[in-house]
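Presented below is the structure to which this report refers.
Only heavy atoms go into these numbers, but all of them, side chains included; no hydrogens, no water, no symmetry mates. Just so it is clear, the structure is predicted and the values come from calculations on it, not from any experiment. Letters A, B, ... are given to chains in the order of the sequence lines, protein chains preceding strands, and every chain is numbered from 1.
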Amino acid sequence: MVAITLPDDSVLSYDNPVSGAEIAAGIGPGLAKAALAVRVDGRLQDLSTPIDADAAVSIITARDDDALELIRHDAAHVMAEAVKELYPETQVTIGPAIENGFYYDFSRPTPFTPEDLEKIEARMRDIVGRDESLVREVWDRAEAIRFFKDQGEHYKAQIIEDLPDGEPITVYRQGDFIDLCRGPHLPSTGKVGTAFKLMKLAGAYWRGDSKNEMLQRIYGTAWPDAKQLKAYLRMLEEAEKRDHRRLGREMELFHIQDIAAGSVFWHPKGWTLYRVLQDYIRARLEDAGYIEVNTPQLVDRSLWEDSGHWEKFREYMFTAETEDRVLALKPMNCPCHVQIYRQGITSYRDLPVRMAEFGSCLRNEPSGALHGLMRVRAFTQDDAHIFCTEDQITSETKAFCDLLMSIYKDLGFEEVVVKFADRPPVRAGADETWDKAETALIEATAAAGLETVLNPGEGAFYGPKLEFVLRDAIGRDWQLGTLQVDFVLPERLDATYIGEDGQKHRPVMLHRAILGSLERFIGVLIEQYAGRLPLWLAPVQVVVATITNAADSYAREVRTALAEAGLRTEIDLRNEKINYKVREHSLGKIPAMLIVGNREAEDGTVALRRLGGKDQEILALAKATARLKEEAAGPLG
RNA sequence: GCCGGAUUAGCUCAGUUGGCAGAGCGACUGAUUUGUAAUCAGUAGGUCGGGGGUUCGAAUCCCUCAUCCGGCACCA
């Protein structure tokens, strides 16, 4: 007797083990046709797998979120089958569902070409049309290894060899294609549907390790229906328009060129944005009890040897030589901050010391990592190091989280992912120290009301860290803020304080940044706003534009009034139609335009037009100026 | 760094089999004095990413380097 409880709490009883397909058929022919998989006591499984014990069962159809992952995973398998049919010499490796789609990694001596992708996609459509059944089989481990080796599928054989003992070896048959897979899968290839598209070719290391062979990865996207596929493709097109590299050019903010790969040429408008942001952060830090310092960029290698960076990051440091010394361009500020801390003697009464610097750092990033403003070789961190006692870690961390979230909110970011990266396999310091540091971080984030996602084993070698992650226009995540607990550097560079007991003690260092790098943050900021920065951040806040040259002198008066109110302005007196000027400044993402013609000049008014707005508003000059000034004040008032 | 693709005017891009290097936008000049997302006309603008090779002849074919794009790896 098997009792199956359905989501509506009704119970069906069967004399023998029953499959999901049979349950669906029992409920109705419509459901039998729509069924894709079943969830049994919370676990997703194939329709065909018999259920031999009492269970809560729900039938998954295309409408369920679970279906999407199945469709994508199956699309990956269909792609593998297509590749094997077209290029039998190819070895298949792994092919999971991912956000928005799927990929499959292949090993093949000759590279795939974009034309191959078209052929593969066409063959995938054939396979979907064939509607091959996906049949699950449990195999004997040794037999499975032998089978895949005979097939020349050495990667698959290796995967099986590395599976833990006792793990059942399941394979899925679809047509003549047999793939090792944990499942579950859809009942047949036809259920994948036709709303998929192969997107791009990429290299990817076997098992994610750069010491291994590089495989060829094909990425695809798949959706339940054509409408959703189309919407996704349209979203990608829109995202492209928000790309900070494109907007940076269109808005005349910055450029990057070959002669200085990985460094930014900031143009006047971009540099204005940079300074506004920096001034804002400076004010917030001052308010939060930080002191600001500035430290050398060229520092003798001995300091980096003492700090441990020379050993670990030597190849990513730029060096310079003078006479008989080797200097490094600083890749980070912390060792220098310790030098300032060490001047004189610090009492426990002085702690915490919150030492901030807009530190210009240089790192020789691998060429393939460079990406617009997001990943550069020369950047400025809004860095600070908090020297404190162990007891102060929790309160300092909480205060930092509060400050960071408040700043992100001011800058327009409400959705922040906070990752907690705990101890890595190779690390410095005793386990008890790590226990203490990790606990302190978790308690502090909870106290700050933040939820964290565990990022296992990804902490720095000297301590656990919090990573504050924002997402760019195309859905890529970028780590911006960070907080890292460090027990090691104070030891290595001999930082001390005198405790209540009159004895020397080691302070703890909290490495922390909010924006991360000014460069990267501005990149994310541009994409977040699609270039339409709020008034207080916009490099040019108002453009005064004339309708005819007869209004020129009045326009100059208007501009002067705005400038006296502290607004960043430009004036457009060109002999062009107002349509032309409006279009051009709109494309330049200028938040406000004051348009003046003969009427305004006579009345002492201005026509205020907001970026993207359809209407204009006629206001007395003084009123318009006062209003814009108020709006431009920003979060600091 | 690795895999794949790309590099032609300031920008976006076309350029057939190896046979005179093109368009649109922008810039400049002139006309126009204009009422809320492109006024008209004209002019200028090129080491076809750099270097090497094959060829009577190379933007086009080969080699090499650089940079960029998409991933992967890395990210103190």
G22(B) versus G46(B) - spacing of their P atoms, nearest Å = 13 Å

Does A41(B) pair with anything, Watson-Crick or G-U wobble, both distances under 3.5 Å, and if so, with which nucleotide?
-> U29(B)

What nucleic acid atoms does S210(A) come within less than 4.0 Å of, heavy atoms only: base, sugar-phosphate, or nothing?
-> sugar-phosphate

Nearest-angstrom distance from the residue atom CD of Q216(A) to P of C2(B) | 16 Å

Close N or O pairs between protein and nucleotides 35-45 of chain B (under 3.5 Å):
unit_1: G35(B); atom_1: O6; unit_2: N598(A); atom_2: N; d: 3.3
unit_1: G35(B); atom_1: O6; unit_2: R599(A); atom_2: N; d: 3.2
unit_1: G35(B); atom_1: N1; unit_2: E600(A); atom_2: OE1; d: 2.9
unit_1: G35(B); atom_1: N1; unit_2: E600(A); atom_2: OE2; d: 3.4
unit_1: G35(B); atom_1: N2; unit_2: E600(A); atom_2: OE1; d: 3.2
unit_1: G35(B); atom_1: N2; unit_2: E600(A); atom_2: OE2; d: 2.3
unit_1: U36(B); atom_1: O2; unit_2: R609(A); atom_2: NE; d: 2.8
unit_1: U36(B); atom_1: N3; unit_2: Q616(A); atom_2: OE1; d: 3.1
unit_1: U36(B); atom_1: O4; unit_2: Q616(A); atom_2: OE1; d: 2.0
unit_1: U36(B); atom_1: O4; unit_2: Q616(A); atom_2: NE2; d: 3.4
unit_1: A37(B); atom_1: OP2; unit_2: R609(A); atom_2: NH2; d: 3.2
unit_1: A37(B); atom_1: O4'; unit_2: R583(A); atom_2: N; d: 3.3
unit_1: A38(B); atom_1: N9; unit_2: R583(A); atom_2: NE; d: 3.4
unit_1: A38(B); atom_1: N7; unit_2: R583(A); atom_2: NE; d: 3.1
unit_1: A38(B); atom_1: N7; unit_2: R583(A); atom_2: NH1; d: 3.3
unit_1: A38(B); atom_1: N7; unit_2: R583(A); atom_2: NH2; d: 3.1
unit_1: A38(B); atom_1: N6; unit_2: R583(A); atom_2: NH2; d: 2.4
unit_1: A38(B); atom_1: N1; unit_2: R583(A); atom_2: NH2; d: 3.3

Applying a 3.5 Å limit to both distances, which nucleotide forms a Watson-Crick or G-U wobble pair with A66(B)?
-> U7(B)

Determine the interatomic distance between P on U55(B) and the same-named atom on U67(B); round to the nearest Å.
-> 32 Å

Nearest of A73(B), A76(B), G71(B) to any side-chain atom of Y316(A)?
-> A76(B)

Paired with C2(B) by Watson-Crick or G-U wobble geometry, both distances under 3.5 Å: which nucleotide is it?
-> G71(B)

Expressed as a whole number of Å, how far does the P atom of A44(B) sit from that of G24(B)?
-> 14 Å

Send over the distance from D243(A) CG to C68(B) P, rounded to a whole Å.
-> 14 Å

Taking the six-membered ring of W304(A) (Phe, Tyr or Trp), confirm whether the NZ or CZ of R301(A) is under 6.0 Å from its centre and within 45° of its axis.
-> no

Short side-chain N/O contact to U12(B) OP1/OP2 from R246(A), under 4.0 Å | no

With both distances under 3.5 angstrom, what nucleotide forms a Watson-Crick or G-U wobble pair with U55(B)?
-> none

Spell out yes or no: do the side chain of Y205(A) and the base of G1(B) have one donor N/O and one acceptor N/O closer than 3.5 Å?
-> yes

Once you round it to whole Å, what is the distance between C1' of C74(B) and CZ of R377(A)?
-> 13 Å

Under the 3.5 angstrom rule, does the side chain of R427(A) hit a backbone N or O of P424(A) as a donor-acceptor pair?
-> yes

In whole Å, what is the span from the NZ atom of K200(A) to the C1' atom of A6(B)?
-> 16 Å

Hey, is E252(A) close enough to K269(A) for a salt bridge, meaning N to O under 4.0 Å?
-> yes

Which nucleotide in the set C2(B), G70(B), C68(B) lies at the smallest distance from any side-chain heavy atom of R245(A)?
-> G70(B)

What's the verdict on ring pair (Phe, Tyr, Trp, His ring centres under 6.0 Å) for Y87(A) and F112(A), showing C-alpha distance, side-chain angles and the deciding distance?
-> CA-CA 10 Å; Y87(A) 315 99; F112(A) 290 115; 5.7 Å; yes

Considering only the P atoms, how many Å lie between U33(B) and C68(B), rounded to the nearest integer?
-> 49 Å

Looking only at atom C1', what distance separates G18(B) and A37(B), rounded to whole Å?
-> 46 Å

M251(A) CE to G10(B) P: how many Å, rounded?
-> 24 Å

May I ask you to decide if the ring planes of F413(A) and Y529(A) are parallel, tilted or perpendicular, using 30° and 60° as cut-offs?
-> perpendicular

Indicate whether the side chain of T295(A) and that of Q339(A) have a donor and an acceptor atom separated by less than 3.5 Å.
-> no

Quick one: do T605(A) and K623(A) satisfy side chain to side chain donor-acceptor pair (under 3.5 Å)? Show the steps, please.
-> CA-CA 9 Å; T605(A) 56; K623(A) 190 165 181 191; over 6 Å; no

Using the C1' atom in both, what is the distance from A58(B) to G51(B), to the nearest Å?
-> 15 Å

Given atom CE of M199(A) and atom C1' of G4(B), what is their separation to the nearest angstrom?
-> 16 Å

Specify the residues of residues 457-466 of chain A, ordered by number, for which at least one heavy atom lies under 4.0 angstrom from an atom of RNA chain B.
-> Y462(A), K465(A)

Could you say whether C334(A) or D209(A) is positioned toward the 5' end of RNA chain B, judged by the nucleotide with the nearest heavy atom to each?
-> D209(A)

Gap between atoms CD and P, on Q257(A) and G10(B) respectively (whole Å) | 12 Å

Side chain R375(A) and base C75(B) donor-acceptor under 3.5 Å = yes

Expressed in whole Å, how much space separates the C1' atoms belonging to G71(B) and A27(B)?
-> 38 Å

Which value, in whole Å, describes the distance between the C1' atoms of nucleotides A41(B) and U8(B)?
-> 28 Å

How is R249(A) classified with respect to the nucleic acid when contacts are heavy atoms under 4.0 Å: base, sugar-phosphate, or nothing?
-> sugar-phosphate

Sugar-phosphate only, base, or nothing, as touched by A261(A) at under 4.0 Å among non-hydrogen atoms = sugar-phosphate

Is D383(A) salt-bridged to R512(A), cutoff N-O under 4.0 Å?
-> no

Could you label the plane-to-plane angle of the Y462(A) and H511(A) rings as parallel, tilted or perpendicular, counting under 30° as parallel and over 60° as perpendicular?
-> parallel

Taking only the side-chain nitrogens and oxygens of Y219(A), find out if one of them lies under 4.0 Å from OP1 or OP2 of C72(B).
-> yes

Please work out if G208(A) contacts a base, only the sugar-phosphate, or nothing of the nucleic acid, heavy-atom cut-off 4.0 Å.
-> sugar-phosphate

Hey, does H511(A) reach any base, or is it just sugar-phosphate, or nothing, if we go heavy atoms under 4.0 Å?
-> nothing

Under 3.5 Å, is there a donor-acceptor pair between the side chain of R249(A) and the main chain of F254(A)?
-> no

Is the shortest side-chain N to carboxylate O distance from E617(A) to R610(A) below 4.0 Å?
-> no

By nearest-heavy-atom nucleotide on RNA chain B, the more 5' of A204(A) and Q479(A) is A204(A)

Would you classify P111(A) as touching base, sugar-phosphate or nothing, given that sugar-phosphate means primed atoms plus P, OP1 and OP2, and contacts are heavy atoms under 4.0 Å?
-> sugar-phosphate

Charged N to carboxylate O below 4.0 Å: is that the case for R492(A) and D306(A)?
-> no

Let me know the distance between CE of M509(A) and C1' of A76(B), rounded to the nearest Å.
-> 12 Å

